[in-house]
Protein chains: 2
Amino acid sequence: MSASVEPEAKESREKRPRAAQRIQEAAKELFYRHGIRATGIEEVCRVADATKMSLYRAFPSKDALVAAILEEDGQEMECLMDGVCQCSATPREKLNRLVEVMCEMIAQPGQRGCPLLLAQSEFPDSDHPTHRIVAEVKARKRAKMVQMAQDADAKDPAAFADAMGIMMEGSWFTLPFMGVERTTKAFRLATSALFRDQLPA
Amino acid sequence: MSASVEPEAKESREKRPRAAQRIQEAAKELFYRHGIRATGIEEVCRVADATKMSLYRAFPSKDALVAAILEEDGQEMECLMDGVCQCSATPREKLNRLVEVMCEMIAQPGQRGCPLLLAQSEFPDSDHPTHRIVAEVKARKRAKMVQMAQDADAKDPAAFADAMGIMMEGSWFTLPFMGVERTTKAFRLATSALFRDQLPA
DNA sequence: ACTTAGAGTGACCGGTCAGTAACATCAAGA
DNA sequence: TCTTGATGTTACTGACCGGTCACTCTAAGT
């Protein structure tokens, strides 16, 4: 994507890096780094170089902004999984690729857990919009995982997918106090054990 | 020190359910259920049937109260592990027992993750007191785990322990959106695969 | 009865937060 | 040029929060 702030072409459609987008990007970063409750609307606007009015013109409330960000997070994760699913490789090799993709993601600085689960942890009330989004995203992710497990002839594709889910969420979350090295090593060990146990030789 | 009310052996000194204790118990429950930031001091005092002044006589700040609760949580978890470690069983059997204990804990209503990691998620700043406590507790837990792995002749006790940690934290955290059934099933599958792969037959 | 220490009461402070209102600006497109 | 719509600016509201204060009450030990 070379798209940038280039006012070119006869069709000057490029007003997209507009306030709303800057706000969403800044909020995504701040919410993840410092937590949602800990980040005030005014700080988001300050970092986004926008104003509160711009925020509330684009999003009806802070919760709506959070929801928009979470939807985006979910889509990114799905894209990541699709990238692995759709590559040309054996089912077994796809699973290995997925493990490596996860390790790469985890190794990026500042990671402290899945943003969706982090948000859910901050808003435990089950009627908070966060819960619906998390449930939907995780369900889609699981469906893809079950499909991959089936393709790889796993003994119990559903349980296999859930076990992978536990391991992925677990390693993402334990990262802050285990460090990247130990976490990725343990994650690789756990997944390879699962593969050996549940996949045909 | 003069005088002092020394509680002697024989005497009945039992008014222990003092304000400070009621407050800590109520706070523990509320902080876990609704989140720490989401729970105000006044609500804690209301539920504990105590007053703010009683709270601040016993704890210098809300953070200190949080820290006290987290220490207690950590001790409870260590006791649980010690209960398994110290029973008379083969090392392998102890590991199986640990899995079952974990499943039982997770199956209790209202579980939504390890309280220590939940707290750490709410306060991402690494100089928050929470981080020190979490690091200490998790390090002790890991040491016990490494010992159990060694006793069971695991190929790589440290990596084994970390993998177990990932699986335990992971299942506790995925519980809210996976449900007890799927979570415990997947956790048992993952751990048994790890055991088969890393422990001698 | 007197002392004493823990516990309760209610008001209060300074600060922050989400969200709103009224008005000004600035860019293009007709 | 005039309009239009998306922005920026400043100030404000009302609620809540963590924490403090001065004071009162209660109960137990001597």
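Every chain is numbered from 1, with letters handed out A, B, ... down the list of sequences.
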### Query
Between C:dC12 atom P and B:E42 atom CD, what is the distance in whole Å?
14 Å

#### Entry: B:E122 side chain vs B:G35 backbone, donor-acceptor pair below 3.5 Å
no

### Task
Please state how far atom NZ in A:K62 lies from atom C1' in C:dT16, giving the value in whole angstrom units.
11 Å

### Whole-Å distance separating the CD1 atom of A:I41 from the P atom of C:dT20
11 Å

### Summary
Here the distance between atom P of D:dG19 and atom CG of B:L55, to the nearest Å, is 9 Å

### Message
Rounded to whole Å, please give me the gap between CZ in A:R22 and C1' in D:dG8.
### Response
10 Å

### Message
D:dG19, OP1 or OP2 - any side-chain N/O from B:K52 closer than 4.0 Å?
### Response
no

### Message
Show the nearest heavy-atom pair for residues A:V84 and A:C87, with the distance to one decimal.
### Response
O-SG, 3.1 Å

### Task
Find the distance A:M53:CE to D:dT9:P and express it as a whole number of Å.
13 Å

### Query
So what does B:D49 touch, heavy atoms closer than 4.0 Å: a base, only the sugar-phosphate, or nothing?
sugar-phosphate

### Message
Is A:S54 close enough to D:dT7 that one of its side-chain N or O atoms is under 4.0 Å from OP1 or OP2 there?
### Response
no

### Nearest-Å distance for atom pair CD/P, residues B:E122 and D:dC17
14 Å

#### Entry: Ring-face cation of B:R112 near B:F173 (centre distance under 6.0 Å, axis angle within 45°)
no

### Summary
Comparing nearest nucleotides in DNA chain C, the 5'-proximal residue of the pair A:R57, A:A38 is A:A38

## Note on the structure
When rounded to whole Å, the CZ to C1' distance for the pair A:R37 and D:dC17 reads 12 Å

### Donor-acceptor side-chain pairing of A:Q21 and A:E25 below 3.5 angstrom
yes

### Message
Would you say B:R46 places a side-chain N or O within less than 4.0 Å of OP1 or OP2 belonging to C:dG8?
### Response
no

#### Entry: Nearest listed nucleotide, side chain of A:S61, among D:dG18, D:dT9, C:dG19
C:dG19

### Query
In terms of side-chain heavy atoms, does A:N96 have a donor or acceptor partner in A:E100 at a distance below 3.5 Å?
no

